Amino acid sequence: MKWIPVALMGVAAFLGSLLGTLIANPLYARDPSSGMAPFLFNLVAMIVYLVVVIAILAAIPFAFLRLAWVGRRTEFATSMALGATRSELIRRARVEGLRMGVFASIAGIIAGALYVQVGPFAEHGWEPFTSQGLYPLVAVAWLLVMAIVIATTSAIYGIAMSSMTRGTPVEAATAVVADSASERGLGRLREPGRGIRVVLALFAFAWVVMLVDRLTNIGRVDFDNAAETVWLSNTVGVLAFIAAISAPVIGWFVLRLTAEALTGPVARALRYGTRGLGARSFAADGLMQRTGLRTGAVMTMAIVAALSTATLGTYTLGDHLNYTAERLNAPVAVTSYADGFFAEGPNPHPDGLEQTALDPSLLAALSADSRIHVVPFARLRAGDPYEYTELWPDGRIEESTRQDTYLAVDVAASDAVVPDGYRLLGLSDGTFVAAGEGNYSNVAVNMRGHEIVVAGVSEPVHPFWSSSRDSVVSLDWARERFGPAPISGALIYAVDDTVSVRAVVSEYVTPGQAYTYSHNEDYGVVMLSRAPLGASGTVLLAGLIIAVALIVAMSTASQRLRRREYATMAALGATPASLRVAPAIEAAVTASIAIVTGVAVGLTYWLATANPYLMSPGAPIDAGEALWHLGAHLGLFPWTSLAIGALVTVASAALASLVFGASMQQRTPVEELRTAMKEGVS
Amino acid sequence: MAKKTPTAEAATALKARGLTKTYGSGEAAVTAVDHVDLDIPEGVLTAVMGPSGSGKTTLVHLLAGLDRADAGQVWVGEDEITALGDKQLAQVRGRVVGFVFQGFNLLQTMSAKDNILLPLRLNGIPRDDEWLDGLIDMLGIGKELSRKPYEMSGGQQQRVAIARALITRPRIVLADEPTGNLDTHASAEILAHLRQSCRELGQSVVMVTHDPTAASYAGRVLLFVNGRVDGHITDPTPASVLAGLDALAGVQR
């Protein structure tokens, strides 16, 4: 087990190396945007994020290391009893961590660098060396990754040793210290010390600022007065970052208190109705024994469960939103106007809703065709025209004058294409689905504090970004705010894949009656590559592997620590069957508590952050929409995958404990006592 | 099922034949108990004495069914425990035999009182408050009942361990150095109680001890050396025990 922490840090180095190497792209790749400025920007971003991410993920190798060192507790205590100071032991552990960090980082970095060259990019084929002299600079990124991984590994070893040698040599050897340390830890939670109070205060302040920003949108950047507002935006951004990095600390305490609060009642419930001392009672006794080791392992498992749940939710929702947006991207649009979203053209129109109606008979005919879905819209033009320069992939530079163009869509009609599709993307009164430059619309979007200006009158709207290719507002809302307007176009969708929308439309549209647009498949389409397993599957699998490994390691360590206890009970008449089954029940209950706690926290975090109406600064405050999204997101969450993952984890925990427990029970109480003595178990 | 011994031997509480236990293998093999035959009569306090490393602790572990013999048989009363399955053996440990470990083996997470009551809970035996109070008074642990083992001295832990062994009123008590951590007065009190139990309740007690004075409370002393019974002393006195031990010194490997 002692190699698991090193392997995990190696994986961290591998990921860091991937990031570092990708800054300059693979050697054969051509990237016209490469240059020193983006390189440095990416490098700084990488360092900032990597430090935070590795610091959070370091909890996992730390937990494994403590579990691996359970059997060495007597060795440490004996060293102390023979004159070694605690600080000396910690220093030695740090040096060992340093060596392991060097080993892990070198292996991980080499693997990561090689993977970038031969991995997912290989499918693009080999091209001559095109990297623009940046590649040697990637060594800087590698060195930084190495430094971070080595420092973290060394710190993990030092902290683990520190936690295992607390107290006198006798206390360290007998693990009494583990119990009292755990009690001290709980005491800290109930009566926080200065350090925790500072973190709590910082966290509270940052969240208050974020809440104020949510309600008042103080952090928005006004493009016209950027100099005046950018400092505020940056300040809010920094505080948001503080809130984000202090969240895990708070999350740790929340998880721990919840897990502790659950353990007592569950143990009592487990014991309820048992006569004498059977497997359930033994398991309950085990659960009531609070040790630092168990707490650490449970907490780590809960963190893994929380991260897996939040990531699973995020990926699943992201996938679904992308799918929804793609489905709403109409292959064909029929319009009453010919000038698309260009301000200058053969048929210039004033600001506001388009007043030229699409031929009603054409609209009726199209709507009556069962092979297609028809979503009527009115075009909305707003804001001042602006010069637009576009760099095409083939090197052409195109300049034009454009004006913000929205599609005011009949949302009820779009529900036939994807039920509640636009609503899921965030669309409601006072918001718009933001797409920037799309197929049939074009909007220069202010990230926050966007306004639709028609004839000098501005209407604040909140943008919700998605992979939709058009900027969409609600038709009813647009008519209410900008006056009456006829239907000036229709988005046309196929009912199924066998239908050619273009062919169907051509049956109805006669020359001069309307204009037909279809989006160019070669333009503006971003195909997202997906892992064979799917992003959510990959996340779940990774979380599952870590959780199972943790629970197995914890169960084994827990049983080793209780070896003497079990042997004594066997000597006093406990049946072998009950002693075999008890650890399995204990492990299953422990895993369940960790999973329930982690899932609850992860789900809460995901639901809060994914809801467009909860924490998005500047979004309309609309409890109804917030609740609707809450329900929709809960409905989209892959409960089955989560349940399978949880069951596999709990079953693995029980099985591993059963196997280990059975191996223990094959031996006599005296043999077990002897082994316990050898391992320093009191 | 347990094999039954002839009725004529019913007065024997504990019997061993050809009992053997070896640790290690090859040249490193050490035979801790070497083809031992012995009979422990009912209602007698028996002391086992011998030099360190002579195999006394292994012997009592085997007699109590706590360890597996390589060869030989052990009978508790009429039941051959070396032929029992795990479940029946657990019942013997829980209801018939009481054991006092040299290292006490108290459960650190339980209070002294819970430790004492543990065998009753494990075996579903109803609690007898009068018996419990009597044990607590006799052992002088009334003030320690709510304390955890790590909050008690070695002597206090030893008294709790003795109370735990006696709480089920076992027919046979096996004790490994039961007075090793007690002062002379407390030792005398406990040994007197054990002897009284043997006489009045027909309980059989086998105790391993290094203390000739403690051994002198026994009705019989078995002298154990090199894994074998090398003789016994009936109605021992401290002086006769010392003499017996001196004689063993020349025999030990």
Side-chain angles (χ1 to χ4, degrees), chain A residues 167-168 170-171 173-180 182-183 267 271 274-282 284-291 294 561-580 582 662 665-674 676-677 681-682, chain B residues 21 23 32 57-69 82 85-110 114-127 148-151 157 161 164-165 167-168 170 174 176:
Chain A
T168 64
V170 171
E171 284 173 336
T174 56
V176 168
V177 70
D179 291 326
S180 56
S182 181
E183 290 297 338
R271 196 180 277 155
T274 53
R275 294 186 60 198
L277 274 183
R280 279 199 289 149
S281 293
F282 295 148
D285 283 344
L287 287 169
M288 293 304 283
Q289 288 180 27
R290 195 179 288 136
T291 64
R294 170 194 298 280
L561 282 176
R562 295 187 68 196
R563 197 187 284 270
R564 192 180 191 118
E565 196 175 308
Y566 283 138
T568 302
M569 287 201 270
L572 296 176
T575 61
S578 61
L579 291 175
R580 263 196 305 272
Q665 292 310 315
Q666 279 171 357
R667 300 193 290 178
T668 66
V670 165
E671 285 169 341
E672 276 300 296
L673 286 170
R674 214 173 283 128
M677 208 151 64
V681 178
S682 65
Chain B
K21 179 75 180 176
Y23 295 112
T57 295
T58 303
L59 175 71
V60 287
H61 283 161
L62 293 173
L63 292 176
L66 295 176
D67 208 354
R68 208 175 282 125
T82 36
D86 283 348
K87 197 171 176 183
Q88 292 108 318
L89 194 56
Q91 282 179 344
V92 170
R93 287 182 200 134
R95 291 172 177 268
V96 183
V97 173
F99 199 91
V100 182
F101 288 95
Q102 192 174 16
F104 323 133
N105 285 347
L106 299 177
L107 270 60
Q108 300 293 318
T109 50
M110 289 183 178
D114 286 341
N115 265 289
I116 295 169
L117 296 175
L118 184 62
L120 299 181
R121 291 177 65 202
L122 280 169
N123 298 286
I125 300 170
R127 176 170 142 182
K148 298 277 175 66
Y150 55 83
E151 296 168 331
Q157 289 186 55
R164 186 178 68 182
I167 191 69
T168 56
L174 294 132
D176 195 356

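Since the model is a prediction, treat every value here as computed from it, not as a measurement. All values below come from the heavy atoms of this structure, side chains included, with hydrogens, waters and symmetry mates left out. Reminder, nothing fancy here: chain letters follow the sequence lines and each chain counts from 1.
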> Quick one: list whatever passes ring pair (Phe, Tyr, Trp, His ring centres under 6.0 Å) with B/Phe101, sequence neighbours left out.
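Ring pair (Phe, Tyr, Trp, His ring centres under 6.0 Å) check on B/Phe101 returns B/Phe99.
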> Work out which heavy atom in A/Ala571 is nearest to a heavy atom in B/Leu66; give both atom names and the distance.
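Residues A/Ala571 and B/Leu66, closest heavy atoms: CB-CD2, 3.4 Å.
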> Walk me through it: do A/Val670 and B/Lys21 pass the test side chain to side chain contact (heavy atoms under 4.5 Å, CB included)?
CA-CA 13 Å; A/Val670 165; B/Lys21 179 75 180 176; over 6 Å; no
> Distance-only, no hydrogens or angles: does the B/Asn123 side chain make a donor-acceptor pair with backbone N or O of A/Leu572 under 3.5 Å?
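Such a contact is found between B/Asn123 side chain and A/Leu572 backbone.
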> Checking B/Phe104 against chain A: side chain, backbone, both or neither under 4.5 Å from a heavy atom?
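Contact with chain A involves no heavy atom of B/Phe104 at all.
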> Would you mind checking which part of B/Leu107 comes under 4.5 Å of any heavy atom in chain A, side chain (CB onward), backbone (N, CA, C, O), both or neither?
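For B/Leu107, the side chain is the part near chain A, not the backbone.
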> Any chance you could measure A/Met569, atom CE, to B/Leu118, atom CG, to the nearest 0.5 Å?
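Between atom CE of A/Met569 and atom CG of B/Leu118 there are 6.5 Å.
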> Can you tell me how far apart OG1 (A/Thr568) and CZ (B/Arg164) are? Round to the nearest 0.5 Å.
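If we round to the nearest 0.5 Å, A/Thr568:OG1 and B/Arg164:CZ are 6.0 Å apart.
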> Under 4.5 Å heavy-atom distance to chain A, tell me which part of B/Arg95 shows up: side chain, backbone, both or neither.
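When you check distances to chain A, no heavy atom of B/Arg95 falls under 4.5 Å.
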> For residues A/Pro576 and B/Ala90, report the shortest heavy-atom separation together with the two atoms involved.
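In terms of heavy atoms, the two residues are closest at CD-CB, 4.2 Å.
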